[in-house]
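These notes are about the structure you will find just below.
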Amino acid sequence: MSDRRDFLKKSGLLGLASIATNLIGQEKIEKAEQALSALGENAFTLPKLNYRFDELEPHIDAKTMEIHYTKHHQGYIDKLNAIKSTNIDYLSSDEVKCTHIDRFTQAAIRNNLGGHYNHTLFWSLLKPNPKSEINIPKAKLTEAIIKEFKSVDEFKNQFSETALKIFGSGWCWLVLQNSKLKIVTTANQDNPLMKIDEATQFEAVAKPILALDVWEHAYYLKHQNKRKDYINAWWNVVNWDEAEKRFNGY
Ligand code: MN
């Protein structure tokens, strides 16, 4: 007798547990839907830039900046806002949303959320340097870079070489992973926050400190096929204050 009664008791409890889980799930979905409808079509929006399009000259030209920001980045945002079936938690930050992405995630979400997050980060890590003054990392980040790569110059060489070798479209990153600085790359609009170990061979989710977009749209107008010139120019406008802030924040 007891087997059957046991079974009924257990399945009854399981049933209750699953109703409870569904209620919590339902409440979460309703909250997310409310937040979404409050935001309307603009759940995702372009971030404000801290500089004008022409202020990164002569290193990054105004036309490239304008097209990159108003067409490419806006394009990812428009596509993201058009996805209604997303299972990404709208209530979390874009950074947290990226950590929810894995190889089973719908490609449109992976590509466009990645595109939005990566570009938002990229813009924040740029700053004007019209007089081409020496631009080097700050305080604690410098120490960590020297510890890991021997010198700032050696780090810059390794980063540049890695970015140069990316085949096709992608990104080069300085990341903090297991308390260690590393240079890694991702294809397309993937980023190191995503759980896509198979593709990127990451041991664990890594936190981005620096981000370099090596898609041709980031440099073709000014540099055509010369990605190396673009990378060299980019070092002049790296916002090391922001990188330092990110490094200290992790
Ligand atoms: Mn881009």
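Side chains of S160 and N157: a donor-acceptor N/O pair is absent below 3.5 angstrom, by distance only. Using modelled atom types, one finds a donor on one side chain and an acceptor on the other under 3.5 Å when comparing D94 with H116. Side chains of Y76 and Q189: a donor-acceptor N/O pair is present below 3.5 angstrom, by distance only. The closest side-chain donor-acceptor pair between N118 and N191 falls under 3.5 angstrom.
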Quick one, I67 with H72, criterion side chain to side chain contact (heavy atoms under 4.5 Å, CB included). Give me CA distance, side-chain angles, the key distance, then yes/no.
CA-CA 7 Å; I67 295 173; H72 292 278; 3.9 Å; yes
Between M65 and L49, does a side chain to side chain contact (heavy atoms under 4.5 Å, CB included) hold up when you go through it step by step?
CA-CA 11 Å; M65 275 303 298; L49 295 183; 4.2 Å; yes
Begin from the C-alpha positions of E244 and N248 and carry the test side chain to side chain contact (heavy atoms under 4.5 Å, CB included) through to its verdict.
CA-CA 6 Å; E244 174 81 19; N248 292 333; 3.1 Å; yes
Take E242 and K245 through the salt bridge (charged side-chain N to carboxylate O under 4.0 Å, His left out) test and state the conclusion after the steps.
CA-CA 5 Å; E242 188 59 28; K245 223 188 286 173; 3.4 Å; yes
Determine whether F44 and L113 satisfy the following criterion, side chain to side chain contact (heavy atoms under 4.5 Å, CB included), listing intermediate values before the conclusion.
CA-CA 9 Å; F44 297 92; L113 180 58; 4.0 Å; yes
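Interatomic distance, CD1 of I209 versus CG of L181, reported as 6.5 Å (0.5 Å rounding). Between L164 atom CG and I231 atom CD1 the span is 5.0 Å, to the nearest 0.5 Å. Between atom CG of residue N135 and atom NE2 of residue H59 there is a gap of 8.5 Å, rounded to the nearest 0.5 Å. The CD1 atom of I83 sits 11.0 Å away from atom CG of D78, with the distance rounded to the nearest 0.5 Å. Atom-to-atom distance recorded for L126:CG and N50:CG is 10.0 Å, nearest 0.5 angstrom. Within the model, atoms CE of M194 and CD1 of I101 stand 4.0 Å from one another, a figure rounded to the nearest 0.5 Å.
Taking 4.5 Å as the limit, some side-chain heavy atom of F122 sits within range of a side-chain heavy atom of W234. The shortest distance between side-chain heavy atoms of Q74 and T70 does not fall below 4.5 Å. For the pair T162/T185, a side-chain contact is recorded, criterion being any heavy-atom separation below 4.5 Å from C-beta on. In this structure the side chain of R110 reaches within 4.5 angstrom of the side chain of R103, judged on heavy atoms. A 4.5 Å side-chain heavy-atom check between V175 and K207 finds every atom pair outside the cut-off. Annotation: side chain of I136 is in contact with side chain of I134 (closest heavy-atom distance under 4.5 Å). Two residues are said to be in side-chain contact when any heavy atoms from C-beta on lie closer than 4.5 Å; Y219 and I60 fail this criterion. K182 is not listed as a side-chain neighbour of L174, based on a closest heavy-atom distance of 4.5 Å or more.
Residues that satisfy the ring-ring contact (aromatic ring centres under 6.0 Å, His included) test with F247, not counting sequence neighbours, are absent from this structure. Under the rule for a side-chain hydrogen bond (donor to acceptor under 3.5 Å, both in side chains), H223 has no partner lying at least two apart in sequence or in another chain.
Under the 4.5 Å side-chain contact rule for hydrophobic residues, L221 and L212 do not share a cluster. Both L46 and L56 belong to a single network of hydrophobic side chains, linked directly or stepwise wherever heavy atoms of I, L, V, M, F, W or Y lie under 4.5 Å apart.
Electrostatic pairing of D54 and R52 counts as a salt bridge here, judged by a charged N lying under 4.0 Å from a carboxylate O. Looking at E95 and R246, a side-chain N of the basic residue comes within less than 4.0 Å of a carboxylate O on the acidic one, giving a salt bridge. Salt bridge annotation for K156-D153: absent, with no cationic side-chain nitrogen under 4.0 angstrom from a carboxylate oxygen.
Relative orientation of the H119 and H73 rings is tilted, given thresholds of 30° and 60° on the angle between their planes.
Across all their heavy atoms, C172 and I183 have their closest contact at SG-CG2, 3.9 Å. In terms of heavy-atom proximity, L210 sits nearest to L125 at CA-CD1, 3.9 Å. Heavy-atom minimum distance, R227 versus I166: NH1-O, 2.8 Å. Of all non-hydrogen atoms in S92 and V96, the two that sit nearest each other are CB-CG1, 3.6 Å. Contact record, P58 with P130: CD-O, 3.9 Å, taken as the closest heavy-atom pair. The minimum heavy-atom distance between V152 and P137, with the atom names listed, is CG1-CD, 3.8 Å.
A ring pair (Phe, Tyr, Trp, His ring centres under 6.0 Å) with F159 is found for exactly one of W235, F149, W171, W173, namely W235. Among W123, W215, Y230, the single residue meeting the ring pair (Phe, Tyr, Trp, His ring centres under 6.0 Å) criterion with H68 is W123.
Counting only distance, with no hydrogens or angles, the side chain of D190 and the backbone of T186 share no donor-acceptor pair below 3.5 Å. Checked by atom type and distance alone, the side chain of K127 never pairs as donor or acceptor with a backbone atom of V238 at under 3.5 Å. Looking at N129, its side chain does come within 3.5 Å of a backbone N or O of N236 through a donor-acceptor pair. Distance alone, capped at 3.5 Å, places no donor-acceptor pair between the E216 side chain and the N225 backbone.
For K226, the NZ atom is densely surrounded, since the number of other residues' heavy atoms within 6.0 Å is greater than 12.
Evaluation of the salt bridge (charged side-chain N to carboxylate O under 4.0 Å, His left out) test over residues 169-180, restricted to residues two or more places apart or in two chains, returns E148-K180.
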